[in-house]
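Here is the structure we will look at.
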Amino acid sequence: MQITLPYVLVSQLSDLIAMKMGLYYPQKRWADLERAIAAAAPELDMPDTETAARYLLSTSLTRRQIDILACRLTVGETYFFREQKCLDVLEQSILPELIRKCKENNRQLRIWSAGCCTGEEPYSIAILLDRLYKKHEEEWNATILATDINPVFLDRAAEGLYREWAFRGTPAWIKERYFKRKKNGLFEIVPHIRKRVTFSNLNLAEDVYASQATGTRAVDVIFCRNVLMYFSSQAVKRIGQAFHRSLVDHGWLIVSPVEMSSDSFPQFRLRTVSGTGLYQKIDSHDVHGNGNYFSLGPSSNALYKVTSASAPPSSLQGWETPLSLESMEPHNILPVASSPFTQLTSVQDVANQSANQERSNTLYHEARRYADRGDLTRAVKKCEEAIAANKLNPAAYYLLATIHQELGQAQEAMRCLMNTLYLDPDLVLAHFALGSLCLTQGKSQEAERHFDNALSLLNGYSSNDILPDSGGLTAGNLTHFITSIRICDSLNHREIKSRASHDN
């Protein structure tokens, strides 16, 4: 097919797609790009292909427009246990050691499937882990995040329904043990595997990595197989740097053999395990070094207002209500009767207060660097020291909450989040974190309330606004993330009701 659009227009459109979505369309694929824009034009409310192309070039792409383009531009070709040799190496050599280390350090194993398509890869990983935990008689202690830019793929993945073609090359026992045959010829992933995977919309071209909100901080293994081959070389390098920040020290990056390149991943060391090439993060940044880290949380350099917990913003729905948290009163912080700043009676008091704030900020940043490296024990210690130096530092409480959450210490995380919101009721990310914690404990109604609070605050931002000190996370990103979580939770509830109805 020959392109019908002006060459200059298609060239500019190719550059735009590469910049906003990372997807690379060289000149030999411009006809494919034109076809995709033609298919997307009606959904973009455009009368024809050229009008749609010119409109996209004339405006900042919205989340809706990126979703529409993603549905037309991304490829959905995958199947269960693809590249079996690589998965065998992980099951036999990599994952058992990671499980052991995580148990020693009392933290969860964290895995991220980036570019998960319709879910076959993350569900395959969940099946591997299920087998390993049962083999060693261990309780499940892992999180699997699966992200993609295509919302249609994510919806299909969350449903967990697959046709026979998704099992080509897959051992028969996998389908028999982990799927239920449906009357319409579909196979449904069993509930206890489906609930192990969290699906979320994430654009790899947007630098929102190493973020607690998106689950991309302190990750042990990142799978990004057969994804980066569609990206420009510049985008692959940027993504490689972001993956490096997201991984803990000695964490693993898994790409397909055709995507391996020393030019693309210079920060990693290529390891060969049983004949399979894997990238490993080996550089450990000293906590006082110059490593470029991202973390999610409020800035402790800003001047924070002290607000009475009895008067939260009117738009929020009962955030101060305990999280079934009868004992979840804020603790270890100053009374709300008056601002501590009004109690300073001398120049020396002011100087001491300023010195304490500066020391708290320094300790907080050290804690954040330790957390980004996955050294959670030191991160907790530094957070506690930061709070001791300044009990009115919401950033330190929030960071400590995210660390407790990663360690699976839900009650401690909730207490820290309550303290965070006591000091800064407008912190969107803390409301979101509370919702996530409630959801993991099966408290769906309470989770909905906290998600509603987060969304209410997000309404004060435009979709492309970057949330303060979030490592690049936009209000639109977080809104999408909350929506994805709700969809998955809704599907799980429908499955539970369906099973109960069937049992009766």
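Predicted, not measured: the structure shown is a model, and the values here were computed from it. Computed over heavy atoms, backbone and side chain alike; hydrogens, waters and symmetry mates excluded.
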- NE2 on His431 to OG1 on Thr420, rounded to 0.5 Å: 10.0 Å
- Message: Once rounded to the nearest 0.5 Å, what's the spacing between atom CZ of Phe223 and atom CG of Leu90?
- Response: 4.5 Å
- Under 3.5 Å, side chain of Ser14 to main-chain N/O of Tyr25, donor-acceptor pair present? yes
- Message: Within the 4.5 Å heavy-atom criterion, are Cys224 and Ile254 side-chain neighbours or not?
- Response: no
- Query: Are Leu69 and Ile37 side-chain neighbours, meaning at least one heavy-atom pair lies under 4.5 Å?
  - Reply: yes
- Query: Going through the checks in order, is the side chain to side chain contact (heavy atoms under 4.5 Å, CB included) test met by His192 and Trp140?
  - Reply: CA-CA 11 Å; His192 82 274; Trp140 180 281; over 6 Å; no
- Query: Got Thr479 and Leu455 here, is their nearest side-chain heavy-atom distance under 4.5 Å?
  - Reply: yes
- Item | Plane angle bin for Phe167 and Tyr162 - parallel if under 30°, tilted between 30 and 60°, otherwise perpendicular | perpendicular
- Any pair counted as salt bridge (Lys or Arg N to Asp or Glu O under 4.0 Å), so long as it reaches residues 427-437, sequence neighbours left out: none
- Would Leu44 and Ile68 satisfy side chain to side chain contact (heavy atoms under 4.5 Å, CB included), going step by step from the backbone distance to the final call? CA-CA 8 Å; Leu44 295 167; Ile68 290 171; 3.9 Å; yes
- Item | Candidate list Glu138, Gln108, Glu139, test side chain to side chain donor-acceptor pair (under 3.5 Å), partner Lys103, passing option | Glu138
- Message: To check you understand the geometry: which heavy-atom pair defines the closest contact between Pro122 and Phe199, and what is its length?
- Response: CG-CE2, 3.9 Å
- Polar side-chain atom of Ser246 near backbone of Thr216 as donor-acceptor pair, under 3.5 Å: yes
- Item | Distance (rounded to the nearest 0.5 Å) between Ser360 OG and Ile387 CD1 | 8.0 Å
- Query: For the atom pair CG (Leu363) and CG (Asn361), what is the distance rounded to the nearest 0.5 Å?
  - Reply: 9.0 Å
- Query: With a 4.5 Å heavy-atom cut-off, do Tyr397 and Lys391 have their side chains touching?
  - Reply: yes
- Query: Roughly how far apart are Arg245 CZ and Arg217 CZ, rounded to 0.5 Å?
  - Reply: 14.0 Å
- Item | salt bridge (Lys or Arg N to Asp or Glu O under 4.0 Å) involving Glu83 - partner list, sequence neighbours excluded | Arg225
- Message: For Asp130, give me all partners under salt bridge (Lys or Arg N to Asp or Glu O under 4.0 Å), at least two apart in sequence or on another chain.
- Response: Lys134
- Do you know which two heavy atoms are closest between Pro42 and Ala39, and how far apart they sit? CD-O, 3.4 Å
- Inspect the contact between Glu120 and Arg82 and indicate whether a charged nitrogen and a carboxylate oxygen are less than 4.0 angstrom apart. no
- Task: Dump the intermediate steps for side chain to side chain contact (heavy atoms under 4.5 Å, CB included) on Leu437 and Leu417, then the final yes or no.
- Result: CA-CA 10 Å; Leu437 279 169; Leu417 287 169; 3.6 Å; yes
- Can you tell me if CZ on Arg63 sees more than 12 non-hydrogen neighbours from other groups inside 6.0 Å? yes
- Would you check, one step at a time, whether the test side chain to side chain contact (heavy atoms under 4.5 Å, CB included) holds for Cys116 with Leu145? CA-CA 9 Å; Cys116 68; Leu145 171 68; over 6 Å; no
- Message: Tell me which pairs pass salt bridge (Lys or Arg N to Asp or Glu O under 4.0 Å) where either residue lies in residues 196-205, with sequence neighbours left out.
- Response: none
- Task: Taking all non-hydrogen atoms of both residues into account, name the closest pair between Val227 and Gly115 and its distance.
- Result: CG2-O, 3.7 Å
- Item | Residue pair Leu376 / Asn106, side-chain heavy-atom distance below 4.5 Å | no
- Query: Any sub-3.5 Å donor-acceptor pair from Glu446's side-chain atoms to Cys438's backbone N or O?
  - Reply: no
- For the ring pair (Phe, Tyr, Trp, His ring centres under 6.0 Å) test, which of Tyr279, Trp112, Trp252 pairs with Phe243? Trp112
- Item | Aromatic centroids of Phe179 and Phe80 separated by under 6.0 Å | yes
- Message: Taking Leu109's backbone N and O only, do any of them form a donor-acceptor pair with Asn141's side chain (distance below 3.5 Å, no angle check)?
- Response: no
- Item | Atom pair NZ/CG of Lys20 and Leu56 - distance to nearest 0.5 Å | 11.5 Å
- Task: Give the minimum heavy-atom separation between Gly240 and Phe268, together with the two atoms involved.
- Result: O-CE1, 3.6 Å
- Heavy atoms, side chains only, cut-off 4.5 Å: are Thr377 and Asn105 in contact? no
- Query: What is the minimum heavy-atom distance between Val219 and Arg110, and which atoms define it?
  - Reply: CG1-O, 3.4 Å
- Item | Sidechain N-carboxylate O distance under 4.0 Å for Lys382, Asp375 | no
- Query: Phe81: what forms a side chain to side chain contact (heavy atoms under 4.5 Å, CB included) with it, not counting sequence neighbours?
  - Reply: Gln84, Leu87, Ser124, Ile127, Leu128, Thr170, Ile174
- Does Ser436 have any side chain to side chain contact (heavy atoms under 4.5 Å, CB included) partners at least two apart in sequence or in another chain, and if so, which? Gln405, Phe432, Phe451, Ile485
- Message: Between Glu188 and Gly160 (side chain of the first, backbone of the second, donor and acceptor by atom type, cut-off under 3.5 Å), is there such a pair?
- Response: no
- Query: Tell me, do Ile99 and Leu129 make a side-chain contact under 4.5 Å, heavy atoms counted?
  - Reply: yes
- Item | Close side-chain approach of Phe187 and Leu161, heavy atoms under 4.5 Å | no
- Query: Are the side chain of Tyr370 and the backbone N or O of Val380 linked by a donor-acceptor pair below 3.5 Å?
  - Reply: no
- Task: Please report the closest heavy-atom contact between Leu204 and Ile239, naming both atoms and the distance.
- Result: O-CG1, 3.6 Å
- Counting distance only, does the side-chain N/O of Lys281 pair as donor-acceptor with the main-chain N or O of His244 below 3.5 Å? yes
